[in-house]
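What follows is a short report on a single structure.
Naming convention: chains lettered A, B, ... in sequence-line order (proteins, then strands); numbering from 1 in each chain.
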There are 2 protein chains.
Amino acid sequence: MNKVKCLPAVKKARRTEFSADDFAVICKALGHPARVRLLKILIDKGACISGDLAEEFSLAQSTVSEHLRILKEASLIQGTIDGPKRCYCVNPDTLDYLKELVGRL
Amino acid sequence: MNKVKCLPAVKKARRTEFSADDFAVICKALGHPARVRLLKILIDKGACISGDLAEEFSLAQSTVSEHLRILKEASLIQGTIDGPKRCYCVNPDTLDYLKELVGRL
DNA sequence: TACGTTTATCGTCGATTGACGAAATAAAAT
DNA sequence: ATTTTATTTCGTCAATCGACGATAAACGTA
């Protein structure tokens, strides 16, 4: 069972056949309630400063940062530097890809 | 972050608001490529005997059985006894629920 | 330059996962 | 009733996860 750690070419992968590996990578990243909530907040609010996100959870700042890193590694979100802060937002391509993969189940 | 290990009431949970916990439980179960492939085979073939499933993977039979157990715990599949064999099939309710949750992202 | 603010990374620890072979279980066939 | 077949469960082990506090890094500002 070969490992796939990230989704380097989300756009390319679309419109081809179902990829169990891609789907597993995305699902694994979403296999924790905190990460699902983080993603949902970003979807609903459009974008959020990392600090604001951390306040919504009863988790240490470093833990939230780690969850964000995992979501970013799966290409589900992307972060842009905004001064000393980080502004995170959803990666719509991966979200679309997820919906496409689920639709093909 | 409270833990949710299974989906005891998939049908009831539908048609209500988005549940990050339910979504995380399903995604966690699908966070391994072998389990995604197992589910896909069951979807495409309708139903499969456990032994036939193990042959498609370069994994020990007990490992495949364990993956099937995890899928079953997440209500994604269900198994019925067919003599000494087990016949697994998809649980369409959970699959629909997954599609619904993804649609609400 | 030095300081404060914000976020990422590091090191640690206990818990969980994934894999396997061996043993146990359940039903069918002899 | 014993054996065979099919599958689950158990025990083990290394690897990964999730959480935390402490530290480091990046940036704006005094």
Treating Ile, Leu, Val, Met, Phe, Trp and Tyr as nodes and any side-chain heavy-atom pair under 4.5 angstrom as an edge, say whether A/V36 and A/I70 lie in one connected cluster.
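As far as the 4.5 Å side-chain criterion goes, A/I70 and A/V36 are not connected within one cluster.
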
When the distance from [atom1] of [X] to [atom2] of [N] is rounded to whole Å, what number comes out?
X: B/D52; N: D/dA6; atom1: CG; atom2: C1'; answer: 11 Å
X: A/R69; N: D/dT16; atom1: CZ; atom2: P; answer: 13 Å
X: B/E66; N: D/dC10; atom1: CD; atom2: P; answer: 10 Å
X: B/L71; N: D/dT8; atom1: CG; atom2: P; answer: 12 Å
X: A/E73; N: D/dG18; atom1: CD; atom2: P; answer: 12 Å
X: B/Y88; N: D/dT7; atom1: OH; atom2: P; answer: 9 Å
X: B/H32; N: D/dT16; atom1: NE2; atom2: C1'; answer: 12 Å
X: A/L68; N: C/dT7; atom1: CG; atom2: C1'; answer: 10 Å

Value rounded to 0.5 Å, distance of CZ in B/F18 from CD in B/E100
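Rounded to the nearest 0.5 Å, the CZ-CD separation comes out at 11.0 Å.
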
About how many Å separate CG of A/L71 and CZ of A/R35, when rounded to the nearest 0.5 Å?
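Going from CZ on A/R35 over to CG on A/L71, the span is 6.5 Å.
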
[X] side chain N/O closer than 4.0 Å to the phosphate oxygens (OP1, OP2) of [N]?
X: A/R35; N: D/dG18; result: yes
X: B/K28; N: C/dT17; result: yes
X: A/S65; N: C/dA8; result: yes

Worked check of side chain to side chain contact (heavy atoms under 4.5 Å, CB included) between A/Y88 and A/R86
CA-CA 6 Å; A/Y88 283 101; A/R86 296 291 183 286; 3.9 Å; yes

Contact string for nucleotides 22-30 of chain D, one letter per nucleotide 5' to 3', B = base within protein heavy-atom range under 4.0 Å, S = sugar-phosphate only, - = neither, reads B----B---

Hey, mind stepping through A/E56 and A/K40 against salt bridge (Lys or Arg N to Asp or Glu O under 4.0 Å) and telling me if it holds?
CA-CA 12 Å; A/E56 305 225 20; A/K40 195 70 170 66; over 6 Å; no

Would you say A/L95 and A/I43 make side-chain contact, with heavy atoms under 4.5 Å?
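Contact flag for A/L95/A/I43 side chains = yes.
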
Let me know, please, whether A/H67 or B/T63 comes out on the 5' side of the other along DNA chain D by nearest nucleotide.
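Residue closer to the 5' terminus by nearest nucleotide: B/T63.
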
Salt bridge or not for A/D21 and B/R37, using N-O below 4.0 Å?
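Salt bridge between A/D21 and B/R37, a charged N being under 4.0 Å from a carboxylate O: yes.
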
